[in-house]
Amino acid sequence: MSTDANLIRADRFAEIGLIIQRDAGLIIERWLRRAAEEKPPATAAHRQVLMDQLPSFLAELGRALAESGDPENSRHCVPAVEHGEQRWQAGWSLADLIHDYQLLRLVLLNYLDEVLERALELREVLAVGLALDEAIAASVVGFNQFCELQARRQTDALHDADRRKNEFLATLAHELRNPLAPLRSALDLIHLHGTDPATVDQLVEIMDRQVVQMTRLVEDLLDMSRIALGKLTLKKVRLDARTAINQAVQTVSHHLQLKEHELKVSLPSEPLWVDGDQGRLVQVFVNLLNNAIKYTPDRGKIALSAERRGETALVQVRDNGIGIAPEMRSRIFEMFTQIDLGDGREDGGLGIGLSLVRRLVALHGGTIDVCSDGLRKGSAFSVTLPLVEPGDNSFAEAPAPGHLAVGRKVLLIEDHADGRRSLALLLKIVGHTVEAAENGRRGLDLAAANPPEVALVDIGLPDVDGYEVGRELRVKLGPELFLVALTGFSQPEDRRRALESGFDAHLVKPVDLQTLQSLIAGHFGRR
Ligand code: ADP
């Protein structure tokens, strides 16, 4: 008797082949029981994978043994390949797989002994073993192909991400330089014609716009890193989505006018109550509106509508602009994706707005989608947000912008000389009395000599930690003092740390004068 594989395969093992075909179900059951005993974690998922492939595998194996195999065409390997692939996908290791085939071999041989009521002959044992070995080999080949494909996909994805990141860095440099050029020119002009009020007014307007643009870029970048670190959190309250929509419209009104677009807003007369973060929802709608403004040629038409759709609020931003090609529709929500059409690029952008928007909407339990009939046929972005029961409207409304505080005694502690001088100047211009200190010790001395009503304290000071300065000021001046932390850090733990140190509020630099004024007005208005 020869043990050559082809000779073994060419032999007919009709009796055992028919038994395996006939009793495949029983054999599988025994195998499952055995596998479960040996490996208690053999889960339902594993079982399902086995059940998908094993009946046909055993039937083919039986047939091959019964009919005498064509050495070149071992059909039982076909289900084995699929079986192998499925197991790997279900997270099995090579050792798991081989172990299971060993179990199958054991169960199968025992079963055959039992049914035939005799010990199997050596060549029969070899034939069953060979068929199973071939199945293992086919399974491993299937797995390797599957792994190679996975690895190739991962490499392609990494290359793609790397390319987009490099493009992003180039865009970032470009976008940051764009506002710098007009700022530089405006400053030069102020040096030259600083006394002409009309020129100064014009230049201030330009500088204001550019600073807003740069601040927006930096905010987006910070949000992006918060997302990457999983630190983007929402401060949710029950609010009427119409308020956020209105605020967004106000925010973009200047940009809208510059491009001479027509904006039609249609809102329901009833509130749309959602659990949301007001600032973040405004950011979502501002982003969509700004994109509609940017990617629509001048004097275009933009429509913003909101309505109740069953259990959700549906907010749509439509434009008749450059549109989006079908193949780009899902990709524009990915980080760093920009469609390179030239149109709209002069308005800048980093290709991260829509991915932020999608993330923010998802954090609100909502969805975002885009439709477009194609290039130059306009776009329509649809946001849905889950509606909730009417709120008691008790969340703190920000004081109206016009409601500004005046005439407080302010102590500003800030080590950055230009930041200190400019903020002190602004505070003086709007009517406060300001004393400024460049470090913590000096600030505490000034506070002791002339107690302020408001203290603005930078956290990163050169001598004493800003939190410590805050604590000392609170102890010395008591609860009367309105204590505000100024920092470059805006994580919830930074805010929490500031509040724990006795601060009443926490502002992220650059400080927006209107926000600060509203806070001061809100604080003293409540007392
Ligand atoms: P950015 O505007 O900074 O490039 P976004 O993430 O906001 O980045 O948008 C990604 C891309 O999607 C844009 O570069 C633009 O190609 C496309 N896009 C976004 N909004 C519109 C729109 N309303 N019409 C046409 N294209 C749009």
Side-chain angles (χ1 to χ4, degrees), residues 160-161 163-179 212-228 232 248-249 251-252 255-256 258-259 261-265 280-305 315-362 368-383:
D160 197 40
R163 181 184 52 74
R164 283 192 288 149
K165 202 164 237 173
N166 286 336
E167 281 172 12
F168 165 74
L169 285 175
T171 316
L172 177 61
H174 179 77
E175 294 302 326
L176 287 175
R177 213 174 18 201
N178 270 350
V212 167
Q213 165 77 348
M214 279 188 97
T215 311
R216 196 164 59 81
L217 286 176
V218 174
E219 287 295 330
D220 278 359
L221 278 175
L222 283 172
D223 279 345
M224 196 180 84
S225 80
R226 279 180 203 125
I227 286 179
L232 192 92
V249 171
T251 310
V252 302
H255 192 191
L256 197 73
L258 283 181
K259 303 260 292 178
H261 291 314
E262 183 191 311
L263 172 68
K264 226 189 226 163
V265 181
R280 293 304 190 174
L281 285 179
V282 173
Q283 186 180 353
V284 166
F285 302 130
V286 164
N287 243 299
L288 295 180
L289 283 169
N290 268 332
N291 278 350
I293 296 170
K294 276 200 294 189
Y295 301 112
T296 301
D298 288 4
R299 286 178 289 284
K301 286 191 192 330
I302 298 173
L304 169 61
S305 64
V315 184
Q316 286 188 301
V317 179
R318 273 164 287 156
D319 63 60
N320 66 345
I322 65 171
I324 301 167
E327 67 277 11
M328 290 307 289
R329 258 170 244 156
S330 55
R331 293 205 45 209
I332 55 171
F333 294 103
E334 288 168 17
M335 196 76 92
F336 311 140
T337 300
Q338 296 187 305
I339 306 170
D340 188 12
L341 287 174
D343 308 83
R345 289 269 70 91
E346 72 275 13
D347 276 327
L350 294 172
I352 54 181
L354 283 181
S355 94
L356 279 177
V357 163
R358 182 173 63 173
R359 178 79 194 166
L360 290 173
V361 170
I368 179 159
D369 218 344
V370 63
C371 287
S372 170
D373 287 336
L375 287 178
R376 322 247 162 242
K377 300 229 170 104
S379 314
F381 286 83
S382 306
V383 173

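We count ligands from 1, going down the list as the structure has it; atoms in each ligand are counted the same way.
Distances from ligand 1 to the non-hydrogen atoms of G323 include at least one value under 4.0 Å. Residue contacts with ligand 1: M328 is excluded, as none of its non-hydrogen atoms falls under 4.0 Å.
At a 3.5 angstrom cut-off on N or O pairs, G351 counts as close to ligand 1. Taking any N or O of I322, backbone or side chain, none lies under 3.5 Å from an N or O belonging to ligand 1. Checking only distances, D319 does come within under 3.5 Å of ligand 1, N or O to N or O. Taking only nitrogen or oxygen atoms, main chain and side chain alike, I324 does not reach within less than 3.5 Å of ligand 1. Backbone and side-chain nitrogen or oxygen atoms of S355 are examined, and none is located within less than 3.5 angstrom of a nitrogen or oxygen of ligand 1.
Close approach to K294 involves these atoms of ligand 1, each under 4.0 Å from a residue heavy atom: 1 (P), 2 (O), 3 (O). Taking every heavy atom of I352 and a limit of under 4.0 angstrom, the matching atoms of ligand 1 come to 6 (O), 8 (O).
Salt bridge status for D319 with K377: absent, with no side-chain N to carboxylate O gap under 4.0 Å. At a threshold of 4.0 Å, the pair E334-R331 counts as salt-bridged, since one of the basic side-chain nitrogens sits closer than that to a carboxylate oxygen.
If you look at T296 next to ligand 1, there are no close heavy atoms at all, none under 4.0 Å.
Here the closest heavy-atom approach between residue I352 and residue L221 is recorded as CD1-N, 4.2 Å. The two residues A248 and F285 have their closest heavy-atom pair at CB-CB, 3.6 Å. Closest approach of K259 to T296, counting heavy atoms only: NZ-O, 3.5 Å. Looking at every heavy atom in both residues, H261 comes nearest to D298 through CE1-CA, 4.0 Å.
Using a 3.5 Å distance cut-off with no hydrogens or angles, the side chains of N290 and H255 do pair a donor with an acceptor.
Taking all heavy atoms of F333, F381, Y295 into account, the minimum distance to atom 13 (C) of ligand 1 is reached by Y295.
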For F381 and I324, what are the C-alpha separation, side-chain angles and deciding distance, and is it a side chain to side chain contact (heavy atoms under 4.5 Å, CB included)?
CA-CA 11 Å; F381 286 83; I324 301 167; 4.0 Å; yes
